[in-house]
Undergrad: 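Provided herewith is a single structure, encoded as structure tokens, for subsequent inquiry.
Below, chain A is the first sequence line, B the second, and so on; all start at residue 1.
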Protein chains: 4
Amino acid sequence: MPKVVPEYKEEARSRILDAASRVFAEKGYHEATMEDVAKQLGVSKGALYLYFSSKERLFEAMSRTAPRAFKEILYSTFNTQANPIESASQFFDAMMKRFGSNPRLSLEILSEASRNPALRRVLRQNQEEYANGLASFLEGLRKMRLIDDNLELLPLAYSLIALWNGLETLVVSGLPVEEAKGAWLEGFKAIFLQHRLQQSVIGSKRIDKKTS
Amino acid sequence: MPKVVPEYKEEARSRILDAASRVFAEKGYHEATMEDVAKQLGVSKGALYLYFSSKERLFEAMSRTAPRAFKEILYSTFNTQANPIESASQFFDAMMKRFGSNPRLSLEILSEASRNPALRRVLRQNQEEYANGLASFLEGLRKMRLIDDNLELLPLAYSLIALWNGLETLVVSGLPVEEAKGAWLEGFKAIFLQHRLQQSVIGSKRIDKKTS
Amino acid sequence: MPKVVPEYKEEARSRILDAASRVFAEKGYHEATMEDVAKQLGVSKGALYLYFSSKERLFEAMSRTAPRAFKEILYSTFNTQANPIESASQFFDAMMKRFGSNPRLSLEILSEASRNPALRRVLRQNQEEYANGLASFLEGLRKMRLIDDNLELLPLAYSLIALWNGLETLVVSGLPVEEAKGAWLEGFKAIFLQHRLQQSVIGSKRIDKKTS
Amino acid sequence: MPKVVPEYKEEARSRILDAASRVFAEKGYHEATMEDVAKQLGVSKGALYLYFSSKERLFEAMSRTAPRAFKEILYSTFNTQANPIESASQFFDAMMKRFGSNPRLSLEILSEASRNPALRRVLRQNQEEYANGLASFLEGLRKMRLIDDNLELLPLAYSLIALWNGLETLVVSGLPVEEAKGAWLEGFKAIFLQHRLQQSVIGSKRIDKKTS
DNA sequence: TATGAATGAGTGTTCATTCAT
DNA sequence: GATGAATGAACACTCATTCAT
């Protein structure tokens, strides 16, 4: 059996978190056992406790690292000032590719957060960060006149985050991924003036899928 | 100890479901024990099993009845062809009043659905129903020219549902209810042409290419 | 639902015992529930308690009546002074016909007797009765010179009972009924001088044809 | 609290089986709790589940090891070609010494076997093995002219096993051990030609078991 | 008498956590 | 550090028994 710590304690933690996120994603917090996590890693149960004092702390730690991938995808797809519908589509695809069509883990984290204040605080911070990030992005779009001047950007950023989260809940409860993508894009189209403004205002060649 | 059944077996079931929804909402599925539910009702554990064969079935049954209130509020606020922003605001307030600012239960149901196919089927059906209902509602708005003609209504309906669900997740993870309401309304404003149309009608330039 | 007592309390008891013996035979003491017995009879659980103060007492009472059929078969097949092998064969067949090839109930009774002195006393009495009955029967056979003079009849009677009980245990643990019958008959043949004596009486004094 | 496993996992299993057989023998399968077994061993309930996945499996495993002692006694007493009555007597005494006068455990095993096919298969195999072993033994006796040539040995072997099992049932239901032994021996005497042949051959009157 | 809803003690089983090695 | 055997608290579920009607 490979040791947990080949060289650095930090790496050991990291490996555990990785194994944990896979196990929790597959089985959910309550169904997953410490034994499961240990086996996933090829390590003894006891070893986990050298790095995390309890299952709860392990889950918390994992919850903190989990959004990393989300952030990367979010910022890499929503940074360019290109067509926001296109960005949204890329984001959707990238998320699916990265997490499969199983948003189970987010849900588990959320579920735990509802009874774990510390975890909730972490999630809240992430939210804020995402919202601010998105708001900046929207600011850019506004300059391109893709967003109605009467809209407040921060609340709108939150509603975009909510839209994404909400789609995850729909997928978990059975909405086919394809339909989820449709809803996701239609939501974006509705929000951005893009396909309307582009044409009427600029009269350019913008080729929105829907717009011919 | 009061009897579970004052007169009708059906009422007994109903009482249990009610107690269960309170307990599950407060503690979550796994943390709540059958004992908790029984105590909440002032009844013995065994009594619960006269009506539901297992904790899981109890939860399922509760999950099926839970959306009833949601439906009522949904259909009563989103039926009039009044200002949709106003409807959205009423919906938000009614939901808060009814469920408090604790959307924990929806989350628990969702969480269980991810591992319980029967439950998932129920949720999926509800989704469809809501989506169709909302789509009809949107149809009405379209006739009032409040919705862009290029938008497909069913996906848009799903995205509205997602928006709501997503806001619940944000609230669970710490977003203040006030901000949630702000995001909810801003999302609606962005989607509906209302405020712009109002203006544009008054002003001049048609934004919508359809009218241009 | 038919009432337990159509006319006489005694008949009610009797009906319950009958239902109980069927249920206990099929499921065994521990697996059978009072509910099972009540349903078998089309009566409420509570009704059983009007006639028997507990499951244990019900089982005891049933255990006392159960051997009735056994006795009848025993005495009707082992009374004639005909060929004892023939009697044994008839007994075997009659028992199978009456109880099927499922001696489960005897076992259950035995099992309970091992922890229930009152029940044990009943069984012991039955044993004695059977043994004495069989001893008388053997007495008759001895007069016909079918039993070695040196054998004591009461112990031999017990060993015949044991032989039967033992075959039941073998059948329960998987011995095919056919083989059980073979063993049963072979045991009898071995014990009774019959087939040898018949010959020797006709032939000479040699008991064993080998030595004749 | 002493550890279940001093050194070898196999020994731990073995210890548990030992404790289990004591507890099951005393209380019976249903009355015995896992707690009882654990306490008997000075171990926690959970420990038992490290070695046996359920009470049923524990009982099965115990049932498989239980006959070991029986086999040893059986083969060691019924191997010599000495006087079979003597062998029978030694067997009886050895069994009593080993298991006390409480054949409860066999009964419990039997009782469970009637509802557990896996267990039944084990018992059936054991039966066959015993029967074949005894048949060989009888073969030897036949050569010594102690068994009538007309008897088939395998069925007879089964009937001897049945005789033993049956005596256990009688003892459980209250037959004094002394009488049981009497019946056991009288059964053997009846079956074997020994005492008769001895006489006829030698011409003496003594039928004493010991006397050759 | 008879009912059957309700009780609640009892038990098998799980699993996070500990700790001797 | 690492192990994994052991712990023991916790909990779902059963069912003999009771009792209001």
Undergrad: If the condition is salt bridge (charged side-chain N to carboxylate O under 4.0 Å, His left out), which residues does B:R115 pass it with, not counting sequence neighbours?
TA: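 With sequence neighbours excluded, B:R115 shows a salt bridge (charged side-chain N to carboxylate O under 4.0 Å, His left out) to A:E31, A:E108, B:E112, given in chain and number order.
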
Undergrad: For D:L50, which residues count as a side-chain contact (heavy atoms from CB on, under 4.5 Å) partner, sequence neighbours excluded?
TA: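 Applying side-chain contact (heavy atoms from CB on, under 4.5 Å) to D:L50 gives none.
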
Undergrad: Please list all pairs meeting salt bridge (charged side-chain N to carboxylate O under 4.0 Å, His left out) that have one or both residues in residues 44-53 of chain A, counting only residues at least two apart or in different chains.
TA: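 Non-adjacent pairs meeting salt bridge (charged side-chain N to carboxylate O under 4.0 Å, His left out): A:E35-A:K45.
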
Undergrad: Between C:D36 (CG) and F:dT14 (P), how many Å, whole number?
TA: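 For the pair C:D36 CG and F:dT14 P, the rounded distance is 13 Å.
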
Undergrad: Choosing from F:dT3, E:dA16, F:dT7, which nucleotide comes nearest the side chain of A:S44?
TA: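 Side chain of A:S44 sits closest to F:dT3.
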
Undergrad: Measure the distance from CG on A:L48 to P on F:dT3 and round it to the nearest whole Å.
TA: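 In whole Å, F:dT3 P and A:L48 CG are 9 Å from each other.
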
Undergrad: Take C:L17 and C:L58 through the side-chain contact (heavy atoms from CB on, under 4.5 Å) test and state the conclusion after the steps.
TA: CA-CA 7 Å; C:L17 290 175; C:L58 170 58; 3.9 Å; yes

Undergrad: Could you report the tightest heavy-atom contact between A:D36 and A:K27, atom names first, then the distance?
TA: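 For A:D36 versus A:K27, the nearest heavy atoms are OD2-NZ, 3.3 Å.
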
Undergrad: Is there a side-chain polar atom (N or O) of B:Y49 under 4.0 Å from OP1 or OP2 of E:dA5?
TA: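 For E:dA5, neither OP1 nor OP2 has a side-chain N or O of B:Y49 closer than 4.0 Å.
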
Undergrad: How close or far is atom C1' of F:dA2 from atom CD of A:E35, stated in whole angstroms?
TA: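 One finds 14 Å between C1' of F:dA2 and CD of A:E35, rounded.
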
Undergrad: Separation of A:F59 atom CZ from E:dA16 atom P, in whole Å?
TA: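 Taking CZ of A:F59 and P of E:dA16, I get 13 Å after rounding.
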
Undergrad: Just wondering, do A:F59 and A:I109 contact through their side chains at under 4.5 Å, heavy atoms?
TA: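 Yes; the side chains approach each other to less than 4.5 Å.
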
Undergrad: Taking NZ from A:K39 and P from F:dT3, how many angstroms apart are they, rounded to a whole number?
TA: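 Distance check: A:K39 NZ to F:dT3 P gives 14 Å.
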
Undergrad: Using heavy-atom distances to pick each residue's nearest nucleotide on DNA chain F, tell me which of B:G46 and B:T33 is more 5'.
TA: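 By nearest-heavy-atom nucleotide position, the 5'-most residue is B:T33.
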
Undergrad: Roughly how many Å is it from CD1 in A:I16 to P in F:dT3, rounded to a whole number?
TA: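 After rounding, the gap between these two atoms is 10 Å.
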
Undergrad: Answer whether the closest heavy-atom distance between the side chains of C:V122 and C:E60 falls below 4.5 Å.
TA: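 Contact flag for C:V122/C:E60 side chains = no.
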
Undergrad: Do C:K55 and C:Y29 form a cation-pi contact, if we require the NZ or CZ to be under 6.0 Å from the six-membered ring centre and within 45 degrees of the ring's axis?
TA: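 Yes, cation above the ring, under 6.0 Å and within 45°.
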
Undergrad: What are the residues of residues 106-121 of chain A, sorted by number, that bring a heavy atom to within less than 4.0 Å of DNA chain F?
TA: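 Here the set is empty: none.
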
Undergrad: Within the structure, does a side-chain N or O atom of A:Y51 lie under 4.0 Å from either OP1 or OP2 of F:dG1?
TA: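 Yes, such a contact exists.
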
Undergrad: For the side chain of A:S54, counting heavy atoms from C-beta on, which of E:dT17, F:dT7, F:dA16 is nearest?
TA: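 Closest of the options to the side chain of A:S54: E:dT17.
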
Undergrad: Angle, rounded to 10°, between the helical axes spanning five pairs at each terminus of the helix from E:dA2-F:dT21 to E:dT21-F:dA2?
TA: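 Helix axis angle between the two ends: 10°.
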
Undergrad: Quick one: does B:K45 reach the base of E:dG10 with a side-chain donor-acceptor pair under 3.5 Å?
TA: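 Per atom types, the contact qualifies.
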
Undergrad: Whole-Å distance between E:dT11 P and D:L58 CG?
TA: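 Rounding to the nearest Å, CG of D:L58 and P of E:dT11 are 16 Å apart.
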
Undergrad: Of the options E:dT3, F:dA5, F:dA12, whose atoms approach the side-chain atoms of D:L50 most closely?
TA: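 Of all the options, the side chain of D:L50 is nearest to F:dA5.
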
Undergrad: What is the separation between atom OH on B:Y29 and atom P on F:dC11, rounded to the nearest whole Å?
TA: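 Taking atom P of F:dC11 as the reference, OH of B:Y29 is at 13 Å.
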
Undergrad: In terms of the nearest nucleotide of DNA chain E, which residue is placed more toward the 5' end: D:E56 or A:A32?
TA: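 The residue whose closest nucleotide sits nearer the 5' end is D:E56.
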
Undergrad: Can you list the residues that meet the side-chain hydrogen bond (donor to acceptor under 3.5 Å, both in side chains) rule with C:R22, with sequence neighbours excluded?
TA: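 Per chain and number, C:R22 pairs via side-chain hydrogen bond (donor to acceptor under 3.5 Å, both in side chains) with C:D18, C:Q40.
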
